**Student:** 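Pasting a structure below so you can have a look.
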Amino acid sequence: MPFLGQDWRSPGWSWTKTDDGWKRCDFYCDYERDENFNLSVLNVDNPEFYAAEKLDISAKKRRKEHFNNTTKNFYHEKWIYIQKESTRERHGYCTLGEAFNRLDFSSAIWDIRRFNYVVKLLQLIAKSQLTSLSGAAQKNYFNILEKIVQKAIEDQYNPRLIREVLQDLSSTLCILIWEVGRCVLVGNINIWISRLETIYSWQQQLMNLQITQHLDGGPTIRDLPLHMQNNIITRFTDAWDIINLGQVTPTLHVLSEDRLLWQKLCKYHFAEKMFCRHLIVSEKGHIDWKLMFFALLKYYPTREQYGDTLQFCQHCSMLFWKDTGHPCTANDPASCLIPVSPQHFIDLFRF
């Protein structure tokens, strides 16, 4: 008897639901009562035998893939317990994908204090930890990334940082899809190719993004006194932000080239013992702090600064956002807390 069902355990029967319950359809006996029935349809060698069934399976598969890609399943837990090994009281352990799903990163991107923190975490995951995520965590990852891209396009907020994340992610996916192979990817290879095409589309949208000028008639940075403009530019900790701000007006350009400004920036991000190895002297005999900053940037990471970070309680092994807190049983809970940087977050789940 030919197999017509989607389940390999199916005997090939077809069932219909009636008022009296489920009844089996007499599909295989209809040809005896129908004089116009074509017996060639039941020939297993006929290529049209499975055509209708294959089309039905393909349609269901496409609907399932579309549902898995578009469904937004976010978890909202105030804190999670980080368990690295099984004990008599607790079995199993917490993985990076579980922590990424259970913590509320979806809402964190709308908080300006946590936005850069979440983006940096997504960038680190894209570089080295993408294959360690489960299928649900990967879907959650791309859903959060989609929200971040939409925020960057609509609010024009920090598009340069988002472009860096997309560049790292597209490079990783190209290596995984075309060079490493499909065995390291969770899910259908067509889903990953579709995701890569979506990333290329996001990159193109960010490249074509035009920053709109606000014409509300209020005062701008050009109208501020010189000492206030200098006070603003000295509070920047990102070198590219200083360079971009210097392109606004000739006055800001002069302030952005100040040696003292770049000296403070070097001392903020790097230790003084690093200066001797990459000392750059100008033609006038002075230290070129701007060139030395970018020379140090090639060898050492910069200092990270975030408005809000995750906290880890060493006493309870709890991971949570600082604003939410957690039910700590220690006598002095504040002494048990340590801030968790994006890199530290990933290192917590290295076993």
Side-chain angles (χ1 to χ4, degrees), residues 68-84 93-155 157-170 172-173 186-187 191-192 195 198-199 202 206 304-313 316-326 337-350:
N68 290 335
N69 289 333
T70 56
T71 302
K72 307 292 191 297
N73 291 329
F74 295 112
Y75 300 84
H76 302 280
E77 295 190 20
K78 295 182 178 180
W79 59 80
I80 61 173
Y81 177 77
I82 304 300
Q83 184 175 349
K84 295 187 177 182
Y93 54 89
C94 184
T95 62
L96 176 63
E98 290 180 43
F100 188 78
N101 278 342
R102 293 166 60 187
L103 288 172
D104 192 10
F105 288 106
S106 178
S107 300
I109 62 176
W110 305 110
D111 191 339
I112 193 173
R113 300 172 302 168
R114 302 174 181 175
F115 181 82
N116 291 345
Y117 183 92
V118 177
V119 172
K120 182 64 176 180
L121 179 60
L122 294 184
Q123 186 176 19
L124 293 177
I125 292 177
K127 288 182 177 180
S128 60
Q129 300 295 322
L130 190 62
T131 55
S132 65
L133 299 180
S134 62
Q138 289 174 357
K139 183 176 67 172
N140 194 10
Y141 178 93
F142 282 96
N143 289 337
I144 294 176
L145 183 60
E146 181 182 2
K147 288 188 175 184
I148 290 177
V149 173
Q150 291 177 355
K151 178 178 176 60
I153 295 175
E154 294 174 1
D155 301 343
Y157 182 74
N158 212 344
R160 177 175 57 84
L161 181 61
I162 313 304
R163 285 197 296 265
E164 294 178 1
V165 177
L166 295 179
Q167 179 62 36
D168 293 335
L169 182 58
S170 61
T172 302
L173 286 183
V186 178
I191 296 178
W192 288 100
R195 287 172 175 172
T198 303
I199 293 173
W202 289 341
L206 291 174
E304 297 179 357
Q305 183 180 15
Y306 304 102
D308 190 14
T309 63
L310 289 171
Q311 303 286 318
F312 180 71
C313 180
C316 307
S317 296
M318 292 286 188
L319 189 64
F320 56 95
W321 289 105
K322 186 177 180 180
D323 293 347
T324 58
H326 77 293
L337 301 182
I338 56 174
V340 179
S341 65
Q343 184 61 52
H344 187 197
F345 178 85
I346 294 178
D347 293 338
L348 282 174
F349 305 97
R350 296 183 187 273

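These values consider heavy atoms only, across backbone and side chains, with no hydrogens, waters or symmetry-generated copies. Source: prediction; values computed, not measured.
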**Student:** Within 45 degrees of the ring normal and closer than 6.0 Å to the centroid, is that where the cationic atom of Lys120 sits relative to Tyr306?
**Tutor:**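 No.
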
**Student:** Any salt bridge between Arg114 and Asp308, counting N to O under 4.0 Å?
**Tutor:**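 Between Asp308 and Arg114 there is a salt bridge, with a charged N closer than 4.0 Å to a carboxylate O.
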
**Student:** Are Phe345 and Thr309 close enough that some pair of their side-chain heavy atoms sits under 4.5 Å apart?
**Tutor:**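 No. Closest side-chain heavy atoms not under 4.5 Å.
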
**Student:** Decide yes or no for Met318 and Tyr81: does some side-chain heavy atom of the first lie under 4.5 Å from some side-chain heavy atom of the second?
**Tutor:**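 They are in contact (side-chain heavy atoms under 4.5 Å apart), so the answer is yes.
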
**Student:** What's the separation between atom CG in Leu166 and atom CZ in Arg163, rounded to the nearest 0.5 Å?
**Tutor:**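 Going from CG on Leu166 over to CZ on Arg163, the span is 9.5 Å.
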
**Student:** Determine whether Leu310 and Tyr117 make a side-chain contact, defined as any pair of heavy atoms from C-beta on separated by less than 4.5 Å.
**Tutor:**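 Touching, per the 4.5 Å side-chain cut-off.
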
**Student:** Is the closest side-chain heavy-atom distance between Phe100 and Thr95 below 4.5 Å?
**Tutor:**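 No, their side chains stay 4.5 Å or more apart.
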
**Student:** Measure the OG-CG distance between Ser341 and Leu124 for me, rounded to the nearest 0.5 Å.
**Tutor:**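 So the OG of Ser341 and the CG of Leu124 are separated by 8.5 Å.
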
**Student:** Can you give me the closest heavy-atom contact between Asp104 and Trp321, atom names plus distance?
**Tutor:**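 Asp104 and Trp321 have their closest heavy atoms at O-NE1, 4.0 Å.
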
**Student:** Using 4.0 Å as the upper bound for N to carboxylate O, is an ion pair formed by Asp323 and Arg113?
**Tutor:**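 Asp323 and Arg113: salt-bridged.
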
**Student:** The test is side chain to side chain donor-acceptor pair (under 3.5 Å); show your working for Thr172 and Lys127 and say whether it passes.
**Tutor:** CA-CA 6 Å; Thr172 302; Lys127 288 182 177 180; over 6 Å; no

**Student:** Can you find a heavy atom in the side chain of Tyr157 that is under 4.5 Å from one in the side chain of Ile162?
**Tutor:**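 Sidechains of Ile162 and Tyr157: no contact.
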
**Student:** In sequence, state the C-alpha distance, the side-chain angles, and the governing distance for Trp79 and Leu319, and then conclude on side-chain contact (heavy atoms from CB on, under 4.5 Å).
**Tutor:** CA-CA 6 Å; Trp79 59 80; Leu319 189 64; over 6 Å; no

**Student:** Take Phe115 and Lys151, measure what side-chain contact (heavy atoms from CB on, under 4.5 Å) needs, and give me the verdict at the end.
**Tutor:** CA-CA 10 Å; Phe115 181 82; Lys151 178 178 176 60; 3.5 Å; yes

**Student:** Determine whether Tyr141 and Leu169 satisfy the following criterion, side-chain contact (heavy atoms from CB on, under 4.5 Å), listing intermediate values before the conclusion.
**Tutor:** CA-CA 11 Å; Tyr141 178 93; Leu169 182 58; 4.1 Å; yes

**Student:** Rounded at 0.5 Å granularity, tell me how far CD1 in Ile346 sits from CG in Leu121.
**Tutor:**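 If we round to the nearest 0.5 Å, Ile346:CD1 and Leu121:CG are 5.5 Å apart.
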
**Student:** By side-chain hydrogen bond (donor to acceptor under 3.5 Å, both in side chains), which residues pair with Gln138, not counting sequence neighbours?
**Tutor:**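 Per chain and number, Gln138 pairs via side-chain hydrogen bond (donor to acceptor under 3.5 Å, both in side chains) with no residue.
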
**Student:** Is any side-chain heavy atom of Leu173 closer than 4.5 Å to one of Leu130?
**Tutor:**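 Yes. Closest side-chain heavy atoms under 4.5 Å.
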
**Student:** Got a sec: does the CD1 of Ile338 have more than 12 other heavy atoms crowding it under 6.0 Å?
**Tutor:**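 It does: Ile338 CD1 has more than 12 such atoms within range.
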
**Student:** Roughly how far apart are Ser132 OG and Leu96 CG, rounded to 0.5 Å?
**Tutor:**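 Going from OG on Ser132 over to CG on Leu96, the span is 5.0 Å.
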
**Student:** How many angstroms lie between atom OG1 of Thr324 and atom CD of Gln311, to the nearest 0.5 angstrom?
**Tutor:**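 Nearest 0.5 Å value for the OG1-CD distance: 9.5 Å.
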
**Student:** Determine yes or no for a side-chain-to-main-chain donor-acceptor pair under 3.5 angstrom, with Ser170 supplying the side chain and Gln167 the backbone.
**Tutor:**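 The answer is yes, because a donor-acceptor pair under 3.5 Å joins these two groups.
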
**Student:** Got a second to check how far Phe142's CZ is from Leu145's CG, nearest 0.5 Å?
**Tutor:**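 So the gap between those two atoms works out to 7.0 Å.
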
**Student:** With the side chain counted from C-beta on, respond yes when Leu103 and Phe320 share a heavy-atom pair under 4.5 Å apart, and no when they do not.
**Tutor:**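 Heavy-atom side-chain distance check fails, nothing below 4.5 Å.
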
**Student:** Measure from the side-chain N and O atoms of Asn143 to the backbone N and O of Lys139, and report whether any donor-acceptor pair falls under 3.5 Å.
**Tutor:**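 Here the side-chain-to-backbone pair exists.
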
**Student:** What are the two closest heavy atoms between Ala99 and Ile80, and how far apart are they?
**Tutor:**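 What the structure gives for the nearest pair is CB-CD1, 3.5 Å.
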
**Student:** Checking Phe105 against Leu122 for the side-chain contact (heavy atoms from CB on, under 4.5 Å) test, could you report, in this order, the C-alpha distance in whole Å, the side-chain angles of both residues, the deciding distance, and whether it holds?
**Tutor:** CA-CA 10 Å; Phe105 288 106; Leu122 294 184; over 6 Å; no

**Student:** Do Leu337 and His326 have side-chain heavy atoms sitting under 4.5 Å apart?
**Tutor:**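 Touching, per the 4.5 Å side-chain cut-off.
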
